[in-house]
There are 2 protein chains.
Amino acid sequence: MDIFEAIGTPHRRRIVELVAAGERTAGEIAAHFDISRPGVSQHLSTLVAAGVLTVRKAGRERRYTLHAEALAEAGSWLEAQQSRWNDALDRLEREIAADEEG
Amino acid sequence: MDIFEAIGTPHRRRIVELVAAGERTAGEIAAHFDISRPGVSQHLSTLVAAGVLTVRKAGRERRYTLHAEALAEAGSWLEAQQSRWNDALDRLEREIAADEEG
DNA sequence: GATATATGTAAGCACAGACTTACGCGTTGC
DNA sequence: GCAACGCGTAAGTCTGTGCTTACATATATC
């Protein structure tokens, strides 16, 4: 599952927000949700698989941290599309100007 | 459906890439996919509903354009999480420094 | 070593949604 | 006016996935 799919659900985006504020254990994260703990655990797994989070075993706990580079990567794609679009607009504008001139 | 969910599938992300390069008709877009034309049409509808694209009727064609602001909004969320994370790292670093000092 | 705690895994269910084919509707062109 | 075109909508299918409960595993605690 790719990054965009991973952050494509509200629950998982909420998890990202929580972990972005600092390292969290699975239990701490689960406490913020109405769904069952295993349900949250599965969301955590998909986020790790997508490279959005990182796990670290600490005794009987699992500490989840944000892998910010993954978010940056997604951001790059978004920016690329926006600059593509701006280029397209510029081209269009120049064409119109050329038409009016000629 | 929110923006992230809208761009959460590879097909729809591909559509965004196509339209980012310039205004496209439904048919032009559909030509780039292996799935049926109605299938593409449904993807277009969800992208419009999510505010990612804009439609304009032109005769019997429908011209789709990118609504770049929507992508910018998604980008803002990503950046916010990254800066949150950087703040958390800074706090952690300061705490460690304070511990070592004291 | 037995019990409790923190967590993941397994199995199953129900629903969303990504497809398909068939059809309808407006527009263009003869 | 009528055929062809461009496109969306309807209806149905099927798979993925977001949940659930039950169970397994590893660590801490006494």
Side-chain angles (χ1 to χ4, degrees), chain A residues 1-67 70 74 77, chain B residues 1-67 70 74 77:
Chain A
M1 190 177 290
D2 62 277
I3 297 177
F4 279 105
E5 221 167 333
I7 60 176
T9 100
H11 277 160
R12 286 203 287 267
R13 236 170 302 139
R14 189 83 217 294
I15 290 177
V16 170
E17 288 174 353
L18 284 170
V19 178
E23 196 181 50
R24 294 279 185 276
T25 70
E28 288 168 353
I29 295 166
H32 287 80
F33 292 88
D34 283 341
I35 65 176
S36 70
R37 200 190 45 64
V40 175
S41 178
Q42 286 159 10
H43 281 312
L44 290 169
S45 293
T46 71
L47 284 169
V48 169
V52 179
L53 298 184
T54 305
V55 218
R56 182 164 60 86
K57 290 190 60 172
R60 56 183 166 185
E61 297 176 337
R62 305 264 180 125
R63 302 190 166 280
Y64 289 88
T65 56
L66 194 71
H67 184 60
W77 185 86
Chain B
M1 189 176 290
D2 61 277
I3 296 176
F4 279 105
E5 223 167 333
I7 61 176
T9 100
H11 278 160
R12 285 202 288 266
R13 235 170 304 138
R14 189 83 219 293
I15 290 175
V16 169
E17 289 174 353
L18 284 171
V19 178
E23 195 180 51
R24 293 280 184 277
T25 69
E28 287 169 353
I29 296 167
H32 286 79
F33 292 88
D34 282 340
I35 65 176
S36 70
R37 201 190 42 67
V40 174
S41 179
Q42 284 160 14
H43 281 312
L44 290 169
S45 293
T46 72
L47 285 169
V48 169
V52 179
L53 298 185
T54 305
V55 219
R56 183 164 61 86
K57 291 188 60 172
R60 56 184 165 185
E61 298 177 336
R62 305 263 179 127
R63 303 190 164 279
Y64 288 88
T65 55
L66 194 71
H67 183 61
W77 184 87

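Since this is a predicted model, take the numbers as computed values, not measurements. The sequence lines fix the lettering, A, B, ..., with proteins before strands; numbering per chain opens at 1.
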task = Could you tell me the separation between the OH atom of A:Tyr64 and the CG atom of A:Leu44, rounded to the nearest 0.5 Å?
result = 4.5 Å
B:Arg63 side chain near B:Thr25 side chain, heavy-atom distance below 4.5 Å = yes
N/O contacts under 3.5 Å, protein versus nucleotides 24-29 of chain C?
none

query = When you measure from every atom of DNA chain D, which of residues 7-33 of chain B have a heavy atom less than 4.0 Å away?
reply = B:Thr25, B:Ala26, B:Gly27
Just list the side-chain donor-acceptor pairs under 3.5 Å for residues 53-60 of chain B, sequence neighbours left out, or say none.
unit_1: B:Arg56; atom_1: NE; unit_2: B:Glu23; atom_2: OE2; d: 3.4
unit_1: B:Arg56; atom_1: NH2; unit_2: B:Glu23; atom_2: OE1; d: 3.1
unit_1: B:Arg56; atom_1: NH2; unit_2: B:Glu23; atom_2: OE2; d: 2.6

Residues 11-20 of chain B, side-chain donor-acceptor partners within the protein, below 3.5 Å, at least two apart:
unit_1: B:Arg12; atom_1: NE; unit_2: B:Ala6; atom_2: O; d: 2.6
unit_1: B:Arg12; atom_1: NH1; unit_2: B:His43; atom_2: ND1; d: 3.1
unit_1: B:Arg12; atom_1: NH2; unit_2: B:Glu5; atom_2: O; d: 3.4
unit_1: B:Arg13; atom_1: NE; unit_2: B:Ile7; atom_2: O; d: 2.8
unit_1: B:Arg13; atom_1: NH1; unit_2: A:Asp2; atom_2: OD2; d: 3.4
unit_1: B:Arg13; atom_1: NH2; unit_2: A:Asp2; atom_2: OD2; d: 3.1
unit_1: B:Arg13; atom_1: NH2; unit_2: B:Gly8; atom_2: O; d: 3.4
unit_1: B:Glu17; atom_1: OE2; unit_2: A:Trp77; atom_2: NE1; d: 2.8

note = In whole angstroms, the gap separating P of C:dG8 from CZ of A:Arg63 amounts to 13 Å
note = B:Met1 CE to C:dG17 C1', in whole Å, measures 7 Å
task = Taking heavy atoms of chain A and a 4.0 Å limit, find me the 5'-most and 3'-most nucleotide of DNA chain D within that range.
result = D:dT17 to D:dA28
Which protein N or O atoms sit under 3.5 Å from an N or O of nucleotides 20-22 of chain C?
unit_1: C:dT20; atom_1: OP2; unit_2: B:Ser36; atom_2: N; d: 2.6
unit_1: C:dT20; atom_1: OP2; unit_2: B:Ser36; atom_2: OG; d: 2.6
unit_1: C:dT20; atom_1: O4; unit_2: B:Gln42; atom_2: NE2; d: 3.1

remark   = When every non-hydrogen atom of B:Ala74 is compared with those of B:Ile3, the smallest separation belongs to CB-CG2, 4.0 Å
